[in-house]
Protein chains: 2
Amino acid sequence: MNYTIAQAAKKMNLTIYTLRYYDREGLLTNVKRDKSGNRIFTKDDMEMLSLICCLKNTGMPIKKIKQFTDWQNEGNQTLHPRNDMLENHKEDILTQIEDLKKHLRLIDRKLDYYHDACQAYDTNSPIPTCCEYTDDEF
Amino acid sequence: MNYTIAQAAKKMNLTIYTLRYYDREGLLTNVKRDKSGNRIFTKDDMEMLSLICCLKNTGMPIKKIKQFTDWQNEGNQTLHPRNDMLENHKEDILTQIEDLKKHLRLIDRKLDYYHDACQAYDTNSPIPTCCEYTDDEF
DNA sequence: ATACAGCTTACACTTAGCTCTAGGTCAAGG
DNA sequence: CCTTGACCTAGAGCTAAGTGTAAGCTGTAT
């Protein structure tokens with residue numbers, strides 16, 4: 001199951017430009033070429049791309065992803081650092097989720113206010129003053 | 001409870017540069033000055049900053065935050081669009097959380113593999129081949 | 001045979017969001 | 001009086017992550 005760059009881009013929801021950029025940056029290893037020099041994305045490349053997208057979409061910078069790729073190329077003696085990087089990144093994602101939830105609480109409180117305020121506005125009643133924060137929120 | 005720019009920056013975990021940048025960009029409205037021209041951040045400014053940070057940290061671009069500020073300055077006739085923006089942003093955050101959780105599942109599967117692989121490596125056993133993806137994962 | 005689609009490279013450009021620098025003002029302390 | 005520290009503005013510079021362009025090659029279809 002091989003893909004041209006356009007097919008790979010479509011499947012991964014990336015642009016052709018981005019795929020070439022990732023290749024240039026060394027996030028993919030040793031991408032094969034057909035006899036006229038066009039890239040061939042194999043199943044392995046696609047699996048690596050899945051991981052790259054996963055890491056990128058969870059906030060890992062390209063340079064760090066490249067580190068992972070480099071380690072992968074170095075073989076089994078880098079299994080531990082790769083494992084550690086993923087462990088740390090997992091913790092990072094869990095923190096991101098918690099942070100988002102925390103921010104959500106402020107948005108929800110704002111929305112409570114806007115709900116009341118909109119209602120008041122629509123009925124020509126006096127608009128309530130904006131919700132206040134407790135000191136520990138900033 | 002007023003703050004100098006340095007105090008405000010500290011409290012908000014931003015740099016002075018960033019605060020001036022936000023002011024320049026119009027994310028804050030009408031920041032007061034003392035008699036020698038130095039910014040004074042009031043409680044209201046700090047509350048707005050809290051919201052700005054919340055929106056920014058949940059992925060809202062600066063330009064969109066400015067739109068919100070602009071609407072706020074226009075008064076009550078923009079209560080509805082402001083409400084809608086926050087509603088939409090809330091949905092966006094919920095989607096982000098779901099996406100992170102989905103990505104977490106791939107990381108977890110990778111970690112399962114790395115666990116086994118590290119164990120095998122440490123005991124000089126044959127390293128298992130990397131976990132495979134089902135087709136619908138990319 | 002020629003036009004076209006799809007690929008190639010090298011390299012310049014863009015955008016967001018800061019971040020820093022230079023040069024200057026101002027108030028307080030020695 | 002002079003220095004120090006905290007602030008000011010205008011504007012340049014930086015980083016990350018692409019995005020786009022120009023010029024050129026290749027394989028297929030008319």
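Residue numbering restarts at 1 for every chain, and letters A, B, ... go by the order of the sequence lines. Since the structure is predicted, the reported quantities are computational estimates derived from the model, not experimental observations.
- For the pair A/R39 and C/dT9, the criterion of a side-chain N or O lying under 4.0 Å from OP1 or OP2 is met.
- The phosphate of D/dC7 (OP1 or OP2) has a side-chain N or O of B/T4 nearer than 4.0 angstrom.
- Using a distance-only test at 3.5 Å, with no hydrogens or angles considered, no donor-acceptor pair links the side chain of A/T18 to the main chain of A/L14.
- A/K66 places its NZ atom 18 Å from the C1' atom of D/dG18, with the value rounded to the nearest Å.
- Checked for salt-bridge contact, B/E47 and B/K43 meet the test: a charged N lies under 4.0 Å from a carboxylate O.
- Put simply, CD on A/E25 is 10 Å from P on D/dA16, counting in whole angstrom units.
- Partners of B/D84 by salt bridge (Lys or Arg N to Asp or Glu O under 4.0 Å), not counting sequence neighbours: none found.
- Shown here is A/Q119, whose CD atom has no more than 12 heavy atoms of other residues, nucleotides or ligands within 6.0 Å.
- Qualifying side chain to side chain donor-acceptor pair (under 3.5 Å) partners for A/Y121, counting only residues two or more places apart in sequence or in other chains: none.
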Identify the pairs formed between an N or O of the protein and an N or O of nucleotides 17-19 of chain C at a distance under 3.5 Å, and give each distance.
from	atom 1	to	atom 2	distance (Å)
C/dG17	OP2	B/I62	N	3.2
C/dC18	OP2	B/Y22	OH	2.7
C/dT19	O4	B/R24	NH2	3.4

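- Rounded to whole Å, the distance from NZ on A/K10 to C1' on C/dG6 is 15 Å.
- In this structure the side chain of B/F68 reaches within 4.5 angstrom of the side chain of B/M48, judged on heavy atoms.
- With hydrogens and angles disregarded, a donor-acceptor distance shorter than 3.5 Å links the side chain of A/Q7 to the backbone of A/T4.
- What separates CG of B/L55 from C1' of C/dA16 is a distance of 16 Å, to the nearest Å.
- The side chain of B/I16 has D/dC7 as its nearest neighbour among C/dC7, C/dC26, D/dC7.
- In this structure, B/N38 atom CG and D/dG5 atom C1' are separated by 11 Å, rounded to whole Å.
- Residue A/R33 places its side chain closer to C/dT9 than to any other of D/dC8, D/dG27, C/dT9.
- Rounded to whole Å, atom P of D/dA16 lies 14 Å from atom NZ of A/K64.
- If you measure from atom CG of A/D23 to atom P of C/dT8, you get 9 Å, rounded to the nearest angstrom.
- Protein atom CG of B/D34 is 11 Å distant from nucleotide atom C1' of D/dA6, rounded to whole Å.
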